[in-house]
Every structure is written in structure tokens, then in C-alpha cells.
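Working notes, structure below.
In what follows, residues are counted from 1 in the order of the sequence shown.
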Amino acid sequence: MEVYYCGFNGFKQVPSTNSSDTLTCLTPHTKNAEVVDVAICWNYLVVAEKEGVTKYGLVNNKPGLERLDNPPGSAGVSQLSATPRHILSVTDTGECWTNEEGKGWRRVLVTTESPSSTTQSDETVTTIVEEDPPEGDTTAENDPQDTPAANTDAQNDPLNSSTCDSTTASPSSVTPDNEESPVCMVSTACGDYHNLGLDTTGQAYSLPSPLHFSSFPGGAQQRVTEVVCGKEHCMLLTEHGQVYSWGGGTRGQLGHGTVSSEDSPRLVMALDGMKIVKIAAGGWHSAAISEFHDLYMFGWNESGQLAQQTNLARPAECFSAVEKLLMACCTMQAEDAALPRGDTEDTEVYRKHDDTSSVPPLPDPEKEALNCYTSSSCDNNTDFVMVQPLPVLVTISGKTAAECAVIDVGCGSRHTVCLTQGNNLWSFGWNKYGQLGLGDTKSRDSVARMVVPPRAKQKDIAILRCGDWGTAIVTKNNKK
């Protein structure tokens, strides 16, 4: 298996090509017999392999790489997700582990008890076990001193999940806290304000507690098959192909026809007449694939990330401010949250290692977001679409029906990449760092075919991942 990457390379995300901040074409990154998963943040790229996890990019405030052993007591990681502050992983035994720089691996104990609220707030406390037991002992007790303070931000509470059958979990990997009813996770997703999980029974979690939503009056809750997070919003997909969304909706990313936010999962009615088989969430936009391989998009279109016509020559005035603001808020500690980190100019802070520069304080992120768009933004009376609060069908201009049939999709901060049958990749949206993989840095508000390296064309694309400012694929040998 081989990893290819394009996009922001300012922190040597691809060590072999450290002379350029931008990689405009898919570039070979790593080659390994078994790549498990990949996650992309603006400040690093993380690759999970059978023998461990490796971070490429900003490590200890300077470009480099960091190799992490597998979480204690596990044979490997089966899935991971990441934010600029932490990695969330799922082990082969179904346990949840998180890794923050300087803190190492910490166990997240998922509970079966319902919280008082269905969504994770800033006051949610994640039950985490600090792992520093004697060699060979992986059953550390949950010490109250190892639990974060109750006012810790949700984004500081790393959470994760793993794929396994609950009957295969090793008894030594189950702590006394969940021994009576062990929870075996299969996947997780994380954003700036939410951490979601999914277990083998189809129960979704706003980690560490179960997430409940109303499928229909008087009916049993449906099994969940997928959970995803954007920066401010979340979505889940049920076994019957229904999509629910909640969280921040200030750019129409919830798909309910408004720019209002939702406290709990709400059915996306515009998609209810079809069966959805795959969902994805970007910075402030969302995607859904139907059983007939049609792609639907909704949310922010300021850079063309919905493949709808927009004003690329003059993006929204709040464009740069919001980007820097959110990057700062999701990566900084409280004492240095005023330091902007998020654009090309900001990366110089790390390269020069200059701590003497004075930076003015930044405004509150939620207020900044609300000031960008109001409900009037939904009235698209011009040819330019900035906010699309209802799902819209995206047309893929392939030469054959197979080339138009979407089977996977990934969403970055403000770009989208989709995979169609026959190993064809298509992209659209923001392209400042070459994340569209088109050989240039020109943004697109229409679907364009990505440039795929000849060696990758000869293999199957097993994994497609988009992150803040980058895109990655993992290829494997054809099954013939």
C-alpha cells in the first residue's frame, strides 16, 4: 500500500519534498505493506500503520516527524481521526485512545449511561485513564486526578473508537469501569466542538456518553452506520439511509434550509426521500452519496467547495479572518490563544521561532461566524452561491456512466474530493496550497478531474481522506 498527498507542505508533511510549501499534484509519501488509516490537519499529517502511528509536520513547534507506538495493550490501531490538537484512535480490541503532544496515549472510557444533554458541550468531561502502569499491565484504574477539569473545552477532550467484535476483546483490555457492559467501538470523528463515536451495535456516542435521537414518533432508534464531524457541525447516517445533522449551522452546513444551529440531531428532510450510503463533513460544508451514486452537497460555497458558481475573484470579506481565528482557537492553549496560526504568513511564527512579536487579541469565534452570514444569505437571487442551506446535486462530467458514479467523498476546510468508479478522482473548491491535486493553485467552483500519478492509476484507491488544507489517498494492488 502507498500513501499519496497533495496540499499544504509548509511543515514538511512530505519529508522528501521539503523545498515547497505547496504540493499541487498527488506526491508519493510513504509505502507500507498495510496502511490502516490517514488523517489530515493543517499542521500535520498522521499515518496509521500496523506497527504504529506516525505524525508528519509540526512536532514540538518545529517541522519534523514523531513515531508513536501503538496504544498500551493493543496490537494495533484500526481507525483514527484527528484535530490540530489531538489524535483519536480505535484499537483492534475496540478501545478508545487519545494522544496529545507531550501527554502520550490516554484511554477514553466510553460509558453506556445517558447524559443529561444529547450533545457534547464545553462542560462535558471525558473519562480518561492516564496510562503509566507497570510493564505488561494495561488495566490502570480511573484515578480522579487523571480526569480533566469540568471546564475543559470539548476540543481538548480527545476521544476515539475501534473496529472489533465485542466477543474478541481481551479480558485484560477491559477496565473495571466498563467490565459489566464493555463497549466495543468501530469508528470516531472529531471537530472543534464535538467528539463522536460508533460501536459495533450501531449505537452512536457524543463521547463518552450515548447519543440518542428521535427516528420517528414512538419508534425504536435506528442503528447508526456512520458518524462525521466538521469544524462546528456533526452528521450521522442510519441503517435505513437517513441523515441527521446538528451543531453549528451558520453557513447552511446542516442542510435544513436555514443558517440556524441545532442542539440535537435533526433529520435532513431534503434527503429523506432517498437512501444515503455515505456522508462527509468539511469545515463548513457537507456531502452525501445516494445508493445510486449521486453526490449531494450543502453548506458554505465561498470557494466553490459545493461545485456551485461563486465569486472566486472576490471571496467573502470574512474569509481570512475566520480561517486564522478558527485555526488559532482549535490549536492554542488558553494562554496563547491570541496567536494567529493558520495561513502562510502565520507559519513563519514556527520557522523563525520568534516569540517576541506582538499580536493583537482575536474576537470571539462564534460571534465572528454569526457576523458572516444571516438568514438572508439563503436567498440566492444572483448567479453566485455563497451559502447553500439545502442539498444540491453535483454533476460529474465523466465520459462514461462509471466515471460519473460517486463511491466515496472527502471534505477539507473548503475543498471537496470525490472518487468515482474506475479509480477516477475529481475535486473542486479552495486550492491555495494545491489540495485539489490539479497541478496548480487556482480554486475551482466546478468539478475538475484530478491528476493521478501513473503508478497510482495501476492500483485501486482503498482510502480517500481530505483534511484542512490537504488531500491524501492510499492505494493497494488490484484484485485480479
Is [Y] paired with [X] through a side-chain N to carboxylate O contact shorter than 4.0 Å?
{"X": "Glu302", "Y": "Arg251", "value": "no"}
{"X": "Asp468", "Y": "Arg414", "value": "no"}
{"X": "Arg85", "Y": "Glu100", "value": "no"}

Is there side-chain contact between [X] and [Y], with at least one heavy-atom pair below 4.5 Å?
{"X": "Glu226", "Y": "Leu236", "result": "no"}
{"X": "Cys190", "Y": "Ser81", "result": "yes"}
{"X": "Val227", "Y": "Leu237", "result": "no"}
{"X": "Leu196", "Y": "Leu207", "result": "no"}
{"X": "Val47", "Y": "Val35", "result": "yes"}
{"X": "Met274", "Y": "Phe292", "result": "no"}
{"X": "Met235", "Y": "Ser286", "result": "yes"}
{"X": "Leu464", "Y": "Val417", "result": "yes"}

#### Entry: side chain to side chain contact (heavy atoms under 4.5 Å, CB included) between Tyr244 and Ser264, intermediate numbers included
CA-CA 9 Å; Tyr244 290 76; Ser264 58; over 6 Å; no

Using only heavy-atom distances, determine whether the side chains of [X] and [Y] contain a donor-acceptor pair under 3.5 Å.
{"X": "Asp440", "Y": "Asn431", "value": "yes"}
{"X": "Ser206", "Y": "His194", "value": "no"}
{"X": "Asp199", "Y": "Tyr205", "value": "yes"}
{"X": "Thr93", "Y": "Thr91", "value": "yes"}

Given 3.5 Å as the limit, does a donor-acceptor pair link the side chain of [X] with the main chain of [Y], or not?
{"X": "Asp37", "Y": "Leu80", "result": "yes"}
{"X": "Tyr5", "Y": "Phe8", "result": "yes"}
{"X": "Asn9", "Y": "Val14", "result": "yes"}
{"X": "Ser261", "Y": "Gly249", "result": "yes"}
{"X": "Arg465", "Y": "Gly410", "result": "no"}
{"X": "Gln242", "Y": "Ile276", "result": "no"}
{"X": "Asp445", "Y": "Thr310", "result": "yes"}
{"X": "Gln221", "Y": "Phe213", "result": "yes"}
{"X": "Asn301", "Y": "Val385", "result": "yes"}
{"X": "Thr238", "Y": "Val224", "result": "no"}

Can you tell me how far [atom2] of [Y] sits from [atom1] of [X], rounded to the nearest 0.5 angstrom?
{"X": "Lys275", "Y": "Ser290", "atom1": "NZ", "atom2": "OG", "answer": "11.0 Å"}
{"X": "Leu88", "Y": "Ser187", "atom1": "CG", "atom2": "OG", "answer": "11.5 Å"}
{"X": "Cys418", "Y": "Trp426", "atom1": "SG", "atom2": "CH2", "answer": "8.0 Å"}
{"X": "Ile461", "Y": "Asp408", "atom1": "CD1", "atom2": "CG", "answer": "9.5 Å"}
{"X": "Tyr4", "Y": "Leu26", "atom1": "OH", "atom2": "CG", "answer": "9.0 Å"}
{"X": "Leu23", "Y": "Thr441", "atom1": "CG", "atom2": "OG1", "answer": "12.0 Å"}

Which heavy-atom pair separates [X] from [Y] by the least distance, and what is that distance?
{"X": "Cys411", "Y": "His285", "answer": "CB-NE2, 3.5 Å"}
{"X": "Gly299", "Y": "Leu306", "answer": "O-CD1, 3.4 Å"}
{"X": "Thr416", "Y": "Gln305", "answer": "OG1-O, 2.8 Å"}
{"X": "Val46", "Y": "Ala82", "answer": "CG1-CB, 4.3 Å"}
{"X": "Tyr44", "Y": "Pro84", "answer": "CE2-O, 3.7 Å"}
{"X": "Gly252", "Y": "Phe298", "answer": "O-CD1, 4.0 Å"}

Could you pull out all residues at least two apart from [X] that satisfy side-chain contact (heavy atoms from CB on, under 4.5 Å)?
{"X": "Ala405", "value": "His293, Gln421"}
{"X": "Ala307", "value": "Val394, Phe428, Val447"}
{"X": "His256", "value": "Ser245, Leu254, Glu262, Arg266, Val268"}

### Task
Please step through side chain to side chain contact (heavy atoms under 4.5 Å, CB included) for the pair Asn424 and Leu419, ending with a clear verdict.
CA-CA 6 Å; Asn424 297 286; Leu419 173 66; 5.8 Å; no

### Query
Can Lys442 and Thr24 be said to form a side chain to side chain contact (heavy atoms under 4.5 Å, CB included), step by step?
CA-CA 10 Å; Lys442 179 184 177 182; Thr24 61; over 6 Å; no

### Message
Show, in sequence, the C-alpha distance, side-chain angles and deciding distance for Ile289 and Tyr296, and conclude whether the side chain to side chain contact (heavy atoms under 4.5 Å, CB included) test is met.
### Response
CA-CA 6 Å; Ile289 302 174; Tyr296 294 87; over 6 Å; no

### Task
Answer yes if the ring centres of Tyr193 and His233 are under 6.0 angstrom apart, and no otherwise.
no

### Task
Sequence neighbours left out, what passes salt bridge (Lys or Arg N to Asp or Glu O under 4.0 Å) with Asp272? Give chain and number order.
none

### side-chain hydrogen bond (donor to acceptor under 3.5 Å, both in side chains) partners for Gln308, two or more places apart
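Gln308: no side-chain hydrogen bond (donor to acceptor under 3.5 Å, both in side chains) contacts found.
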
### Query
Mind checking what makes side-chain hydrogen bond (donor to acceptor under 3.5 Å, both in side chains) contact with Glu403, not counting sequence neighbours?
Arg449

